[in-house]
There are 2 protein chains.
Amino acid sequence: MGKDLIINSFKQITGFTDIELETVLKYFETKKIKKKSVLLHAGKVANEVYFIINGCIRLFCVKDGEELSTYFFTEKMFAGAYDSFISRKPSRHSIETLEDCQVLVLTYQALEELYAIFPKMNEFVRKSIEERFVILHDLFTSYILNGPEERYLNLQKERPDLLNRIPQHQIASFLGITPVSLSRIRNRLVKKP
Amino acid sequence: MGKDLIINSFKQITGFTDIELETVLKYFETKKIKKKSVLLHAGKVANEVYFIINGCIRLFCVKDGEELSTYFFTEKMFAGAYDSFISRKPSRHSIETLEDCQVLVLTYQALEELYAIFPKMNEFVRKSIEERFVILHDLFTSYILNGPEERYLNLQKERPDLLNRIPQHQIASFLGITPVSLSRIRNRLVKKP
DNA sequence: TCAATTTCTTAACTTTTGTTATCGTTTTTT
DNA sequence: AAAAAACGATAACAAAAGTTAAGAAATTGA
């Protein structure tokens, strides 16, 4: 069953007992979501995060009528517009599924209740977000340090699955470049080395 | 006294009592650091974070012999190479003071002890890092969404102090561009609007 | 299945940014 | 105070990325 995945995640990060975990899991709701479903429209406050059992979820902004992808979530990740979820302010990002998904939904209120019942949740979330922070910081650094081509190679190395399951123009915007530019980079790479 | 600053930070974020805070503060060491002191060399594991009472601290990487600034910390911020501090892996970044600084040093071990003594520290750090995460995510998003000129204007709006206390070529690398390019952007901006 | 849409590539051209170098100016260092 | 180093503006040229457009291939949906 899908809940195994999240149980393992919990166990790896913090010392919840099996009995505690049983209670914790009651605060998550299993949901199946069709491809191309919008989970959050920009401008709304994010009230949910999604632990992905399978499928792929995209975070994106609209700028000058164009959709720019800012992150891709896949299996075993908590997907969501964290910034809005945390700050309780309207999100600049929208969220949509790129594939049919099976997820565990955790609402803001459910999380608050979990904090109240299990203070240990603070440790769990602290460690989870520390992990995500390190990843995000790394990603951010690579936008300062590396050019588009290097960033593409990085992505290929760090998350090769993405390149096969996500349309190229969405990858391009995630890399901060245009689809045309990404096409040129790929062209260069097959020829040169 | 400088410790007022950190006490207020604590109080704003979590419900520590005055007596608890007195104990907590014993784990911080006050330090004065001269301008241009290197606090961490890339390749080492970061064992300290620094709450800045006054002064300015820079995070940077060296790439092809060039120093690229990836973040600037100022008053009331916890400065440090979080990714290394958290992951306990060698840091790709170095840290140095840009000005004479007065800081409160917290070592990794001291923090571990604080977690053990005050489980509430988990809540404090969770909320602190959530805040930093939101800021970092916003910054990251602006590298995908905005061009260099917009990013410069953003910086001018969000952290105007930086433009006056930090050399322009360091600002440039933080914006992901060359000093020459930043000079052009500034030139454009004074003429046009 | 077949038409419509989406996706990717390629090309020609424009704009922006990077590179290198020069030249005052300011700041450090001795 | 003088010498050295660092800093920022500018120019000229090269390289890279953006823009627009056209066309082939793949996907989607009816």
To the nearest angstrom, the CD-C1' distance between A/Glu150 and D/dA16 comes to 14 Å
Cluster membership besides B/Val62, Ile/Leu/Val/Met/Phe/Trp/Tyr side chains within less than 4.5 angstrom, sorted by chain and number, is B/Phe60
Could you list all N or O pairs between the protein and nucleotides 6-8 of chain D that sit under 3.5 Å apart?
| residue | atom | partner | partner atom | Å |
| --- | --- | --- | --- | --- |
| D/dC7 | OP2 | B/His169 | NE2 | 3.4 |
| D/dG8 | OP1 | B/Gln168 | N | 2.8 |
| D/dG8 | OP2 | B/Gln168 | N | 3.0 |
| D/dG8 | OP2 | B/His169 | N | 3.2 |
| D/dG8 | OP2 | B/His169 | ND1 | 3.3 |

Would you please name every residue forming a salt bridge (charged side-chain N to carboxylate O under 4.0 Å, His left out) with B/Lys44, sequence neighbours left out?
-> none
Atom CG of A/Leu98 and atom P of D/dT28: how far apart are they, to the nearest Å?
-> 12 Å
What is the distance, rounded to the nearest whole Å, between atom CG of B/Asn146 and atom C1' of D/dG18?
-> 16 Å
Residue pairs involving residues 105-150 of chain A (criterion ring-ring contact (aromatic ring centres under 6.0 Å, His included); sequence neighbours excluded) | A/Phe10-A/Phe124, A/Phe16-A/Phe118, A/Phe85-A/Tyr108, A/Phe133-B/Tyr82, A/His137-B/His93, A/Phe140-B/Tyr143, A/Tyr143-B/Phe140
Value for CD1 (B/Ile166) from CG (B/Leu98), rounded to nearest 0.5 Å, stands at 5.5 Å
Who are the salt bridge (charged side-chain N to carboxylate O under 4.0 Å, His left out) partners of A/Glu99, not counting sequence neighbours?
-> A/Arg165
Only pairs at least two apart or in different chains count here, so list each salt bridge (charged side-chain N to carboxylate O under 4.0 Å, His left out) that has a residue in residues 132-146 of chain A.
-> A/Asp138-B/Arg92
Apply salt bridge (charged side-chain N to carboxylate O under 4.0 Å, His left out) to A/Arg58 and list each qualifying residue two or more places apart in sequence or on a separate chain.
-> A/Glu67, A/Glu96
Apart from B/Val180 itself, its cluster of hydrophobic side chains linked below 4.5 Å comprises none
Gap between atoms CG and P, on A/Asp64 and D/dG18 respectively (whole Å) = 14 Å
Does B/Glu130 pair with B/Arg126 as a salt bridge, N-O distance under 4.0 Å?
-> yes
Rounded to the nearest Å, what distance is computed from the CD atom of residue A/Glu66 to the C1' atom of nucleotide C/dT7?
-> 14 Å
How does protein reach along nucleotides 16-26 of chain C, written 5' to 3' as B (base within reach of a heavy atom under 4.0 Å), S (only sugar-phosphate), or - (no contact)?
-> -BBBB------
Does B/Asn187 have a side-chain nitrogen or oxygen under 4.0 Å from the phosphate oxygens OP1 or OP2 of D/dA9?
-> no
All side chain to side chain donor-acceptor pair (under 3.5 Å) counterparts of A/Lys11, not counting sequence neighbours | A/Asp18
Rounded to 10°, tell me the angle between the two end axes of the helix from C/dT1-D/dA30 to C/dT30-D/dA1, each built from five pairs.
-> 60°
Show me the donor-acceptor pairs, under 3.5 Å and distance only, between side chains in residues 27-41 of chain B and residues at least two apart or in other chains.
| residue | atom | partner | partner atom | Å |
| --- | --- | --- | --- | --- |
| B/Ser37 | OG | B/Lys34 | O | 2.5 |

